[in-house]
Amino acid sequence: MSSPTPRAALAGIPAYVPGKPPTARPGVTAYKLSSNENPYPPLSGVLEAVAAAAGSMNRYPDMASTALREALAARAGVGIDQVATGTGSVAVIYHLLQAFCDPGDEVVHAWRSFEAYPIGITAQGATSVPVPLTSDGRHDLEAMAAAVTDRTRVVLLCSPNNPTGPALRHADVVAFLDHVPGQVLVAIDEAYREFVRDDDPLDGVQLAKERENVVALRTFAKAYGLAGLRVGYLIGPEPIAAAVRACSLPFGVSTIAQAAVLASLGVEDELMARVEALVAERDRVTAGLRDQGWAVPDPQGNFVWLDLGARTTDFATFAEAAGITVRPFVDDGVRISIGETAANDVLLGLAGDFRKVHLRNGPGDPG
Ligand SMILES: *Cc1c(COP(=O)(O)O)cnc(C)c1O
């Protein structure tokens, strides 16, 4: 009997492993620190805008997301034609790969980095060219520039890097771009940019305005707390944004999601105060972990990375028993999101206990 077969490229797609929800255990408060979500509930003004928009759910949304793109364009100081939106910036990345990559084309990206990259690249039939991070979890921009060949169509930069944490600095990215040929599209994924505290922070939108081959990708999932509503966007040169829009899912971004973003932009001061509090918590957690002896790469997002190697699964299991779900990357390390203060306190306690039980002789101790 014959049956339909998917394209051969699909056999090579790595699985996306979503952050696990916490397991309920009697007597233990459970916290999900596995998906880099914002722990704050929606502001009432945003909820009200969502409720009002829900009243028109029998209608399709504005397919061009006009009001939303106008607002984003005005904030970025670009024309509306330089904006493309999607159901999360992950969708925008997929549409960009669809728009620019033929089978066999190469896409250069750091590794380990965002797990959606190799999935989107492989699904498109393109070839992923992973360039190892430095030992402190940073992009190796020199090696990435050297990995660009005449088959390279796209370079993906992730800053701050998910899952390790460090951010790229503006001057370093400028120097990198000077080494990349103009026909190669450089996409700068700035999903966590609001959490960066650096004296030379990367500004992808600025670079996208200055260069013909650069786009910035941003999202409302993290700092703005709208992960469940799925809105992300791209700012870039008009021909690139148009190509991405051409590949976009029709009516992807719902009326509810568009309304939530517009309402969120109206209460940005309150949202950024929450980001400030999360940054303070991040710094507190990092200092506490380092005091315990952990080597934590400079965290510039809303998460920290512990390089646990072969102990990764042990740590995730240990954390789970204490009520904290982390995101393990087997035999590599764990990514832990910054949550509410109580969750962060539990994390600090269990991380210290884990060292006492499993890492008697300091980091790297195989036990
Ligand atoms: C979370 C995240 C995104 C955006 O996710 P969406 O929810 O699809 O907007 C993009 N890039 C990285 C590196 C992320 O961690």
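When reading the values below, keep in mind they use all heavy atoms of this one structure, side chains included, and skip hydrogens, waters and symmetry mates. Residues: numbered from 1 along the sequence shown. As the structure lists them, so they are numbered: ligands from 1, and atoms in each ligand from 1.
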Got a salt bridge between R284 and D345, using NZ or NE/NH1/NH2 to carboxylate O under 4.0 Å? yes

Which residue is it: L226, T85, V46? I am looking for the one with a side-chain contact (heavy atoms from CB on, under 4.5 Å) to V261.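 The single option meeting the side-chain contact (heavy atoms from CB on, under 4.5 Å) with V261 is L226.
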
Sole candidate of V334, V326, V330 that passes side-chain contact (heavy atoms from CB on, under 4.5 Å) when paired with T312: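 Going through V334, V326, V330 one by one, the side-chain contact (heavy atoms from CB on, under 4.5 Å) with T312 is satisfied by V334 alone.
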
Strictly by salt bridge (Lys or Arg N to Asp or Glu O under 4.0 Å), give each pair with a member in [range] just once, sequence neighbours left out.
range            : result
residues 321-339 : R112-D332, E115-R327
residues 225-246 : none
residues 73-99   : R75-E268

For ligand 1, would you mind listing the residues that have at least one heavy atom less than 4.0 Å away, ordered by chain and number?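 Residues near ligand 1: G88, S89, V90, F114, C158, N162, D189, A191, Y192, T219, A221, K222, R230.
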
